[in-house]
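The structure appears right after this line, and notes come after that.
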Amino acid sequence: MSTVDIDIPPQAGAPRGSASAEPRGHRLRLGDPIFRGLATASGVFLAVAMVGLGVVLVIDSWPAITGLGTKMLTTVAWSPSTGEYGALAALVGTFLSTIVAMIIAVPLALVIALLLVELVHPKVARVVGTVIEMLASIPSIVFGMVGIFTIVPFMQDHVVPWVLSTPLGKVPGIEPGPNYAGGGVSVFTAGVVLAFMVLPFITAVSRDVMKMVPQVTKEAGYGLGSTTWEVMRKISLRYANSGIVGAIFIGFGRALGETMAVAFLIGSVFTALPHSVFDPGTSIASLIALTFSEATDKLQISALIELGLILFVLTIVFQIAAQAWLRRVQRVTGGRA
Amino acid sequence: MSAVAETPQAPQMAPMRRRSVTGRKAADLVVKVFSWVGALFGIAVMAFVLYEVMIRGLKAWNVAFFTQTWPLDPMSTSGGMANAIVGTIIITAGAALIAIPIGFMAGVYLAEYGRNGRVATSIRMVTNVVMGVPSIIVGVFAFAILVKPLQHYSGFAGSVALAFLMLPVMARTTEDILNLVPNELRESGLAMGAPRWRVTLRVICKAARGGLITGATLAVVRVAGETAPLLFTALSSPYWITGLFGSGGYFGGPVANMTKSIWDGAQSPYPHMQALAWGGALFIMVFILGLNILVRVLFQRGKEW
């Protein structure tokens, strides 16, 4: 069977030289297999490269994994001179700052998503949504700089002294520990800035799942005389419930690995656990960022790469959980997530 | 067994409660106000960041900033970011050269060939997961495969790290955009007897041109502001890049770049270094937000916001 090789006009009616429609006769057809091969190879390369990333991390952190064992996860130490490394402080700092961020970002993201979906004209929602989406494109280092030069002094001079002067200041977890450094550079400040960095992601996913709530269900609610808030609380939020959990997972995974802004703000205390959110600490990512280029000791480099591996595994677990969850939601509710 | 089990269980109904209309309306109003305050707060934070960077950054913008190299002496009050600007452009362009073709072809594979097959599904899954991997880990990876074995930092290692971040984004956006092209277009192309690759490139990609350009631009813009992957790959340098090879070249040694210079400057105790960092932050932000807005305006098509 012979086919004719022709140029296809790109769109109906688009002007194009008609000469190209002439048959060119028989020819060995290598174009298709080559193109298909290239495309397949690229696709497979992508997957292999991503898996390779994990493999390389394991290989390069092997000396630390075998040399330090579980001490890496259970001790607080970071001393190239004695060769002792333990990531407990970094793990605690990472989770603590992420939790602070989520406590601020989740409610904020939810009310914004409600506004975008239910309350305002779609045109307004589009503008507001775009501005909030733009927050996501501001580089991490810029957040870090604004954080260190303006938010840190503000926290130190106003917010933290005020909180500590109230009865709350005596609550364990808020009452400053021995490393307290004025509260400006602290786990809390890092969490606050992180919150605004993950806000766009949580807002976007929550908005999408809230949009999946069937219009008829909501109209039924209004038909019974419900107010907008009642429809939101008893219908929309309930319906979108599990989707919102997925959104929170995605935000959590992002916040865990945020590096530059946290490195500026969390305070680089590698060898002590933060006693309170107002104490300085460190996070996995910022510990890597701050010490990697000066590390000369082989074990230290390996330990830092192991930290990377730990973070990698953590974020992947969160990603997989979020995606599996969102897929399930999509199946159950039949919408797009 | 108790004797009370006489009637079949009536469906559990919440007891009717009388609530005042005013109370319900008040609750409604409160929530609406909260939503508005929340959204305005989000916008205010955005505006505050822009304002802060603008005010401080503009002060640092002068001729020297755009023509001179990073000062060797931290106490000096001259110097600029010209070498870092050039370096960032080169490193980012290198990343784009690696990631755009491979990412595009991978996207073509997922949309046109793999579709819902097992291979494509697993590739898609891996890509989705890796899109959430922190950029610092990609930096560690590039360090492990390029810097450690070769015993020197290089701009190329930085490009590879950035390319790694771009690849999954590029592949998934390409796939999403190609999937928007109606199947009839594919079918009519094939029915005309054109080979598959030609239909893909000349018909489908042509139809999806706007989206593809937007996707690629946004993928590049996304990595242009990354710092973490460059910290221990491209490192930084107070000198101009000298070419491809040799200790000052792209493959041979550290290459100055904006984000690492901003990081160094911001940590410096000297006001002039901090000023340079602000100037750099403004530059990179204008570049990123500008391109972001530009492609949105040029190729606006049914974005879901």
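Labels below follow one simple rule: chain letters A, B, ... track the order of the sequence lines, proteins then strands, and each chain is numbered from 1.
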Below 4.5 Å from any heavy atom of chain A, which atoms of B:Ser122 appear? Answer side chain, backbone, both or neither.
neither

Which answer fits A:Leu53, side chain, backbone, both or neither, if we ask what part of it has an atom under 4.5 Å from a heavy atom of chain B?
both

Per-residue contacts, residues 279-287 of chain B versus chain A, heavy atoms under 4.5 Å:
B:Ala281, B:Ile284, B:Met285

Which heavy atom of A:Ala47 sits nearest to which heavy atom of B:Val126, and what is that distance?
O-CG1, 4.1 Å

Considering only heavy atoms, which portion of A:Thr259 lies under 4.5 Å from any heavy atom of chain B: side chain, backbone, both, or neither?
side chain

Report the C-alpha distance between B:Phe141 and A:Val55 in whole Å, list the side-chain angles of each, state the deciding distance to 0.1 Å, and finish with yes or no for side chain to side chain contact (heavy atoms under 4.5 Å, CB included).
CA-CA 10 Å; B:Phe141 170 71; A:Val55 174; over 6 Å; no

Most contact-rich option vs chain B, by heavy-atom pairs under 4.5 angstrom, among A:Leu307, A:Ile59, A:Thr150, is A:Thr150

Check the pair B:Arg296, A:Thr130 against side chain to side chain contact (heavy atoms under 4.5 Å, CB included), reporting the backbone distance first and the verdict last.
CA-CA 10 Å; B:Arg296 272 166 211 266; A:Thr130 309; 4.2 Å; yes

Region of A:Val56 that comes under 4.5 Å of a non-hydrogen atom in chain B:
side chain

Spacing of B:Met125 atom CE and A:Met50 atom CE [to the nearest 0.5 Å]:
13.5 Å

To the nearest 0.5 Å, tell me how far B:Lys25 NZ sits from A:Glu230 CD.
11.0 Å

Considering only heavy atoms and a distance below 4.5 Å, find which of B:Val119, B:Val221, B:Val49 pairs most often with chain A.
B:Val49

Quick one: CZ on B:Phe34 to CG on A:Leu110, what's the gap to the nearest 0.5 Å?
13.5 Å

Where on B:Ala47 is there a heavy atom nearer than 4.5 Å to chain A: the side chain, the backbone, both, or neither?
neither

Can you tell me which portion of B:Ile102 sits under 4.5 Å from chain A's heavy atoms? Options are side chain, backbone, both or neither.
both

Please report the interatomic distance CE(A:Met232) to NZ(B:Lys32), rounded to the nearest 0.5 Å.
7.0 Å

Chain A interface, residue from B:Trp278, B:Phe41, B:Trp36 that has the most non-hydrogen pairs under 4.5 Å:
B:Trp278

Answer yes or no: are there more than 12 heavy-atom neighbours, outside B:Phe48 itself, under 6.0 Å from its atom CZ?
yes

Partner chain B: residue of A:Leu114, A:Ile34, A:Ile316, A:Thr40 with the largest heavy-atom pair count (under 4.5 Å)
A:Thr40

From CG (B:Leu289) to CD1 (A:Ile138), nearest 0.5 Å
5.5 Å

Look at A:Phe201, A:Phe318, A:Phe45, A:Phe292 and state which one has the largest set of heavy-atom pairs under 4.5 Å with chain B.
A:Phe292

Could you have a look at B:Val108, B:Val140, B:Leu110, B:Val30 and say which one has the most heavy-atom pairs with chain A under 4.5 angstrom?
B:Val140

If you count heavy-atom pairs within less than 4.5 Å of chain B, which of A:Leu304, A:Val120, A:Thr227 leads?
A:Thr227

Could you report the tightest heavy-atom contact between B:Gly132 and A:Thr315, atom names first, then the distance?
O-CB, 4.2 Å

Do the side chain of A:Asp32 and the main chain of B:Arg196 share a donor and acceptor less than 3.5 angstrom apart?
yes

Against chain A, work out which of B:Arg222, B:Lys148, B:Gln267, B:Glu226 has the most heavy-atom pairs shorter than 4.5 Å and name it.
B:Lys148

Considering only heavy atoms, which portion of A:Phe312 lies under 4.5 Å from any heavy atom of chain B: side chain, backbone, both, or neither?
both

Examine whether an atom of A:Leu135 lies under 4.5 Å from a heavy atom of chain B, and if so say whether it belongs to the side chain, the backbone or both; otherwise answer neither.
both

Most contact-rich option vs chain A, by heavy-atom pairs under 4.5 angstrom, among B:Ala277, B:Gly42, B:Gly114, is B:Ala277

By a 4.5 Å heavy-atom criterion (distance strictly below it), what part of A:Ser42 contacts chain B: side chain, backbone, both, or neither?
both

By a 4.5 Å heavy-atom criterion (distance strictly below it), what part of B:Arg124 contacts chain A: side chain, backbone, both, or neither?
neither

May I ask you to name which of A:Leu115, A:Ile112, A:Val44 has the most heavy-atom pairs under 4.5 Å with chain B?
A:Leu115

Honestly, the part of B:Leu29 sitting under 4.5 Å from a heavy atom of chain A is neither

Just wondering, are more than 12 heavy atoms of other shown residues or ligands nearer than 6.0 Å to CE in A:Met134?
yes

Looking at B:Leu231, B:Val21, B:Val129, which one has more heavy-atom pairs under 4.5 Å with chain A than the rest?
B:Val129

Please classify the contact of A:Phe149 with chain B as side chain, backbone, both or neither, using a heavy-atom distance under 4.5 Å.
both

Cut-off 4.5 Å, heavy atoms of chain B, and the answer for A:Val48 is neither

Test side chain to side chain contact (heavy atoms under 4.5 Å, CB included) applied to A:Ile148 and B:Gln274, step by step
CA-CA 11 Å; A:Ile148 193 90; B:Gln274 293 178 3; over 6 Å; no

Take the angle between the ring planes of A:Phe35 and B:Trp197 and call it parallel below 30°, perpendicular above 60°, tilted in between.
tilted

Can you tell me which portion of B:Leu235 sits under 4.5 Å from chain A's heavy atoms? Options are side chain, backbone, both or neither.
side chain

Using non-hydrogen atoms and a 4.5 Å limit, figure out which bit of B:Phe164 sits close to chain A: side chain, backbone, both or neither.
both

Contact class of A:Leu108 relative to chain B, heavy atoms under 4.5 angstrom:
side chain

Heavy-atom contact with chain B under 4.5 Å, split by part of A:Leu311:
both

Quick check: closest heavy atoms across B:Gly225 and A:Pro139, and the distance to 0.1 Å?
O-CB, 3.5 Å

Which heavy atom of A:Ser293 sits nearest a heavy atom of B:Tyr153, and at what distance?
O-OH, 3.8 Å

Max heavy-atom pairs within cutoff under 4.5 Å with chain B, candidates A:Leu119, A:Leu314, A:Leu57, goes to A:Leu119

Looking only at heavy atoms, what is the nearest atom pair of B:Trp263 and A:Ala263, with distance?
CH2-CB, 3.7 Å

Is chain B contacted by the side chain of A:Ile301, its backbone, both, or neither, given a heavy-atom distance below 4.5 Å?
side chain

Heavy-atom distance under 4.5 Å to chain B: side chain of A:Arg36, backbone, both or neither?
both

At what distance, to the nearest 0.5 angstrom, does CD1 of B:Ile136 lie from CE of A:Met260?
7.0 Å

